[in-house]
Number of protein chains: 2
Amino acid sequence: MDKRKKILEAALKLFVALGFHGTPTSKIAQEAGVANGTLFHYFPTKDDLILGLYTDIKIRMTAFVNENAKPEDTFKATMKGQYLASLYWALDHKTEFSFKQQFHNSPFHLLLNQEEIEKQLKPHFDMLRKGIEDKIIKPLPVDYIHTLISSHTFGLNQYLTSNEFSTVKQHQLISDTFELLWDMIKEN
Amino acid sequence: MDKRKKILEAALKLFVALGFHGTPTSKIAQEAGVANGTLFHYFPTKDDLILGLYTDIKIRMTAFVNENAKPEDTFKATMKGQYLASLYWALDHKTEFSFKQQFHNSPFHLLLNQEEIEKQLKPHFDMLRKGIEDKIIKPLPVDYIHTLISSHTFGLNQYLTSNEFSTVKQHQLISDTFELLWDMIKEN
DNA sequence: CGGCGGGTTGACTAAATAGTCGGCAAATTT
DNA sequence: AAATTTGCCGACTATTTAGTCAACCCGCCG
């Protein structure tokens with residue numbers, strides 16, 4: 001039941017293991033336990049499938065971060081909340097995270113609507129701008145700060161994924177790393 | 001002349017534009033102005049070609065960084081030299097950098113020899129360990145520091161690539177960013 | 001009951017693809 | 001000059017692939 005979901009799950013697993021073009025649609029259908037035609041019923045082309053999978057993951061991740069990162073009283077606490085939430089999501093969804101990474105670093109990311117991306121980023125940028133106005137963080141271009149934060153998140157995630165740590169230690173490391181990041185951008 | 005080189009150049013260009021499996025060997029041969037069979041004369045399989053291209057780029061990059069980042073008197077200056085060199089290389093070789101990124105984030109990176117990688121990283125790790133011993137930088141795991149630095153480099157590069165800055169401004173930004181990074185890891 | 005329609009099937013096809021192979025032409029060696 | 005090697009060619013093939021389609025199943029409504 002819910003074959004669309006099964007297809008997406010199978011596609012995720014295989015794309016991460018074999019790459020986009022390395023995975024034939026027939027194998028995806030097989031892995032999903034679904035006929036070949038059914039796949040094309042839900043996703044008219046392979047590109048549609050890849051893009052559909054990306055948006056599905058993106059939506060689920062954004063939902064998680066929004067739920068778990070409620071705005072706190074201070075600017076720093078709000079930022080930390082978001083930082084922690086996205087990192088924990090990535091750790092709990094390694095395959096999804098790996099897919100996202102692969103997608104962003106492939107020519108497929110060109111299929112994305114640039115306007116759409118900016119719209120999604122706007123709240124975050126607004127928050128950073130406010131932090132600058134209030135002289136809490138350094139007056140750097142917001143997209144620059146954003147790039148630094150996200151690559152930082154990505155790096156830490158890679159480190160945590162390639163080493164196996166206890167949950168406690170992991171939490172400690174994430175928290176400490178946020179402090180490093182904060183030192184980097186806070187106004188002195 | 002030097003068909004091998006022509007093949008590598010064509011492969012680089014097409015892989016970045018179309019993805020690994022999105023690029024047929026026939027198109028690579030055509031773009032290189034070389035017969036189909038010639039490609040397979042130099043690279044018995046497509047995987048060999050991808051791996052060959054990766055090592056070729058890696059070698060050229062390492063050579064550049066080693067030349068341009070001579071050990072300076074202070075620890076910080078040495079580190080800054082390396083940081084600048086790799087960033088300038090990336091900016092001067094955008095396509096190569098993009099390929100490297102795509103390669104690392106694809107299942108192909110599994111073809112790499114893990115031992116080999118560690119051997120290449122050793123000098124860098126040794127340097128960081130010395131910095132810790134001498135109480136110049138914070139006593140964090142060296143592979144952790146390394147991950148933070150490289151993701152940082154990657155992020156900055158992405159930022160510089162997606163915005164067009166003047167050379168002067170670019171240099172300024174790179175230098176400033178190193179200071180941010182340095183503040184993050186230096187012992188207080 | 002009979003017919004309607006969305007979801008599902010899997011055999012099928014037209015096109016594309018990685019890799020082969022027999023041979024050629026220009027160096028290099030004898 | 002003959003023989004051998006080497007790099008190179010491009011037509012060819014066996015296989016794979018994305019996508020099609022006619023038929024089918026089954027719940028639902030008139």
Side-chain angles (χ1 to χ4, degrees), chain A residues 1-57 59 95 99 102-103 105-112, chain B residues 1-57 59 95 99 102-103 105-112:
Chain A
M1 55 224 77
D2 200 353
K3 312 231 165 189
R4 201 190 118 100
K5 201 173 164 186
K6 291 225 161 172
I7 293 168
L8 286 176
E9 278 169 14
L12 172 62
K13 178 178 163 186
L14 291 173
F15 282 151
V16 169
L18 308 170
F20 295 125
H21 294 273
T23 310
T25 51
S26 56
K27 234 180 231 166
I28 296 174
Q30 197 188 358
E31 171 84 23
V34 154
N36 214 301
T38 308
L39 190 151
F40 287 95
H41 171 72
Y42 287 107
F43 305 97
T45 69
K46 198 182 178 181
D47 279 11
D48 285 327
L49 172 57
I50 294 174
L51 209 59
L53 180 54
Y54 176 78
T55 31
D56 177 69
I57 289 175
I59 286 170
T95 319
F99 172 85
Q102 213 176 304
F103 181 89
N105 290 288
S106 80
F108 285 101
H109 84 270
L110 296 171
L111 297 175
L112 255 40
Chain B
M1 55 224 80
D2 198 355
K3 313 234 166 189
R4 201 189 118 100
K5 201 173 165 186
K6 291 225 162 173
I7 292 168
L8 286 177
E9 277 169 15
L12 172 62
K13 177 178 164 186
L14 291 173
F15 282 151
V16 169
L18 308 171
F20 295 125
H21 293 274
T23 310
T25 50
S26 56
K27 233 179 233 166
I28 297 174
Q30 197 187 359
E31 171 83 25
V34 154
N36 214 300
T38 309
L39 190 151
F40 287 96
H41 172 71
Y42 287 107
F43 307 96
T45 69
K46 199 181 176 181
D47 280 10
D48 285 327
L49 172 57
I50 294 173
L51 210 58
L53 180 54
Y54 177 77
T55 31
D56 177 68
I57 289 176
I59 286 170
T95 320
F99 172 85
Q102 213 176 305
F103 181 88
N105 288 288
S106 81
F108 285 102
H109 83 272
L110 297 170
L111 298 175
L112 256 41

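Naming: A, B, ... by sequence-line order, numbering from 1 per chain.
The CD1-C1' distance, from Ile50(A) to dA18(D), rounds to 12 Å in whole Å. Separating the CZ atom of Phe20(B) from the C1' atom of dT17(C) is a distance of 18 Å, rounded to the nearest angstrom. For His41(B) and dG22(C), the NE2 to C1' distance is 16 Å, given to the nearest whole Å. Separating the CG atom of Leu39(A) from the P atom of dT8(C) is a distance of 12 Å, rounded to the nearest angstrom. Put simply, CG on Leu18(B) is 10 Å from P on dT17(C), counting in whole angstrom units. For the pair Asn36(A) CG and dT8(C) P, the computed distance is 14 Å after rounding to whole Å. With rounding to whole Å, His21(B) atom NE2 is found 12 Å from dA18(C) atom C1'. Rounded to an integer number of Å, the gap from CD of Gln30(B) to P of dC9(D) is 14 Å.
Among the nucleotides dC9(D), dG7(D), dT9(C), the one closest to the side chain of Lys3(A) is dT9(C). Closest to the side chain of Pro24(B), from the set dG10(D), dA18(C), dT9(C), is dA18(C). Closest to the side chain of Phe40(B), out of dT20(C), dG7(D), dG7(C), is dT20(C).
Looking at every heavy atom in both residues, Pro107(A) comes nearest to Gln102(B) through CD-NE2, 3.9 Å. The nearest pair of heavy atoms linking Ala10(A) to Ile28(A) is CB-O, 3.6 Å. Between Leu111(A) and Leu51(A), the shortest heavy-atom contact is CB-CD1, 3.9 Å.
In terms of phosphate contacts, Lys27(A) brings no side-chain nitrogen or oxygen within less than 4.0 Å of OP1 or OP2 of dT16(D). OP1 or OP2 of dG7(D) has not a single side-chain nitrogen or oxygen of Tyr42(B) nearer than 4.0 Å. Regarding contacts with the backbone of dA18(C), a side-chain N or O of Thr25(B) is found under 4.0 angstrom from either OP1 or OP2. At dT9(C), one or more side-chain N or O atoms of Thr38(A) fall inside 4.0 Å of OP1 or OP2 (strictly under the cut-off).
With hydrogens and angles ignored, the 3.5 Å screen pairs a side-chain donor or acceptor of Lys46(A) with a backbone N or O of Phe20(A).
Remark: Glu31(B) CD is packed, more than 12 non-hydrogen atoms of other residues, nucleotides or ligands lying under 6.0 Å away.
Nearer the 5' end of DNA chain D, as judged by each residue's closest nucleotide, is the contact made by Ser26(A), out of Gly37(A) and Ser26(A).
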